[in-house]
Amino acid sequence: QVQLVESGGGLVQPGGSLRLSCAASGFTLDYYAIGWFRQAPGKEREGVSCISRSAEITYIANSVKGRFTISRDSAKNTVYLQMNSLKPEDTAVYYCAAAGIVSMRKEQYDYWGQGTQVTVSS
């Protein structure tokens with residue numbers, strides 16, 4: 001069984017913070033580049049941030065640059081997305097995914113989690 005599970009979503013006020021987690025089951029996450037994507041209703045799924053297998057390469061979308069940080073913890077087989085200074089336009093379902101090469105293109109990813117809802121509202 002191969003599975004990715006996101007957690008940490010919820011309701012937060014503008015300017016607040018959340019930390020999303022992506023935990024792997026059935027495989028070692030260190031073997032994969034990991035990407036975070038998000039999708040709002042009626043919109044295309046877009047890349048937010050991704051991290052290479054070695055964690056030496058990261059990409060981040062311009063819309064979240066300076067506010068979001070991606071990291072990984074090998075011991076916990078988990079990748080995190082720290083989200084600070086959240087804005088209403090960050091509201092979306094957030095997905096983590098695993099790929100053989102680091103990329104911001106969703107077509108490159110082989111495994112996907114179920115998604116976690118992030119709502120930024122006052």
Side-chain angles (χ1 to χ4, degrees):
Q1 52 185 342
V2 177
Q3 189 176 11
L4 295 171
V5 180
E6 303 96 334
S7 62
L11 175 64
V12 65
Q13 293 184 340
S17 298
L18 287 172
R19 188 178 73 164
L20 305 184
S21 298
C22 176
S25 177
F27 64 97
T28 300
L29 211 53
D30 282 352
Y31 294 158
Y32 297 88
I34 301 297
W36 283 98
F37 296 80
R38 66 186 182 186
Q39 188 167 23
K43 292 187 175 182
E44 188 176 349
R45 190 171 300 187
E46 63 178 0
V48 177
S49 186
C50 58
I51 188 167
S52 66
R53 286 166 284 184
S54 67
E56 294 181 350
I57 301 172
T58 60
Y59 295 122
I60 189 164
N62 289 334
S63 59
V64 302
K65 185 174 292 185
R67 300 187 296 119
F68 291 11
T69 303
I70 192 169
S71 62
R72 60 195 311 161
D73 187 331
S74 179
K76 296 181 179 179
N77 208 24
T78 301
V79 173
Y80 302 98
L81 183 68
Q82 179 67 46
M83 306 186 296
N84 299 325
S85 302
L86 284 161
K87 303 175 180 179
E89 51 263 45
D90 295 319
T91 296
V93 177
Y94 283 71
Y95 301 87
C96 71
I101 186 170
V102 63
S103 174
M104 290 285 276
R105 302 182 73 248
K106 60 182 182 294
E107 293 81 8
Q108 294 290 113
Y109 287 81
D110 301 309
Y111 306 106
W112 292 83
Q114 84 289 349
T116 185
Q117 177 70 46
V118 172
T119 302
V120 185
S121 177
S122 60

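A quick note: this is a predicted structure, and the numbers were derived from the prediction, not measured.
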Got a sec, which hydrophobics cluster with [X], joining ILVMFWY side chains under 4.5 Å apart, including via others?
X: Val93; value: Phe37, Tyr95, Tyr109, Trp112
X: Met104; value: Ile57, Tyr59, Val102
X: Leu11; value: none

Residue pairs passing the salt bridge (charged side-chain N to carboxylate O under 4.0 Å, His left out) test with at least one member in residues 102-122, sequence neighbours excluded, are Glu44-Lys106, Arg105-Glu107

If a pair satisfies salt bridge (charged side-chain N to carboxylate O under 4.0 Å, His left out) and one of its residues is in residues 29-42, list it, with sequence neighbours excluded. Arg38-Glu46, Arg38-Asp90

Sequence neighbours left out, what passes side-chain contact (heavy atoms from CB on, under 4.5 Å) with Ala55? Give chain and number order. Ile51, Arg72

Indicate yes or no: at least one non-hydrogen side-chain atom of Tyr80 is less than 4.5 angstrom from one of Ser71. yes

Could you check whether any side-chain heavy atom of Arg67 comes within less than 4.5 Å of a side-chain heavy atom of Lys87, counting everything from C-beta outward? yes

Sequence neighbours left out, what passes side-chain hydrogen bond (donor to acceptor under 3.5 Å, both in side chains) with [X]? Give chain and number order.
X: Gln108; answer: none
X: Arg19; answer: none
X: Ser17; answer: Asn84
X: Thr116; answer: none

Suppose we screen for ring-ring contact (aromatic ring centres under 6.0 Å, His included). Which residues come up paired with Tyr111, at least two apart in sequence or across chains? Phe27, Tyr32

How long is the gap from CG on Leu18 to CG on Leu81, to the nearest 0.5 Å? 9.5 Å

Can you list every disulfide (SG to SG under 2.5 Å) pair that touches residues 42-97, not counting sequence neighbours? Cys22-Cys96

What do the steps show when you test Asn77 against Thr28 for side-chain contact (heavy atoms from CB on, under 4.5 Å), and what is the final call? CA-CA 7 Å; Asn77 208 24; Thr28 300; 4.3 Å; yes

Considering all heavy atoms of both residues, which atom of [X] and which atom of [Y] are nearest to each other, and what is their separation?
X: Pro14; Y: Ser122; result: CD-N, 3.7 Å
X: Leu20; Y: Met83; result: CG-CE, 3.7 Å
X: Thr78; Y: Ser21; result: CG2-CB, 4.1 Å

For a side-chain contact (heavy atoms from CB on, under 4.5 Å) check, start with the C-alpha distance between Leu29 and Val79, then their side-chain angles and the critical distance, and finish with the verdict. CA-CA 8 Å; Leu29 211 53; Val79 173; 3.6 Å; yes

Using the rule that Ile, Leu, Val, Met, Phe, Trp and Tyr join whenever any side-chain heavy atoms are under 4.5 Å apart, tell me whether Tyr31 and Val5 fall into a single cluster. no

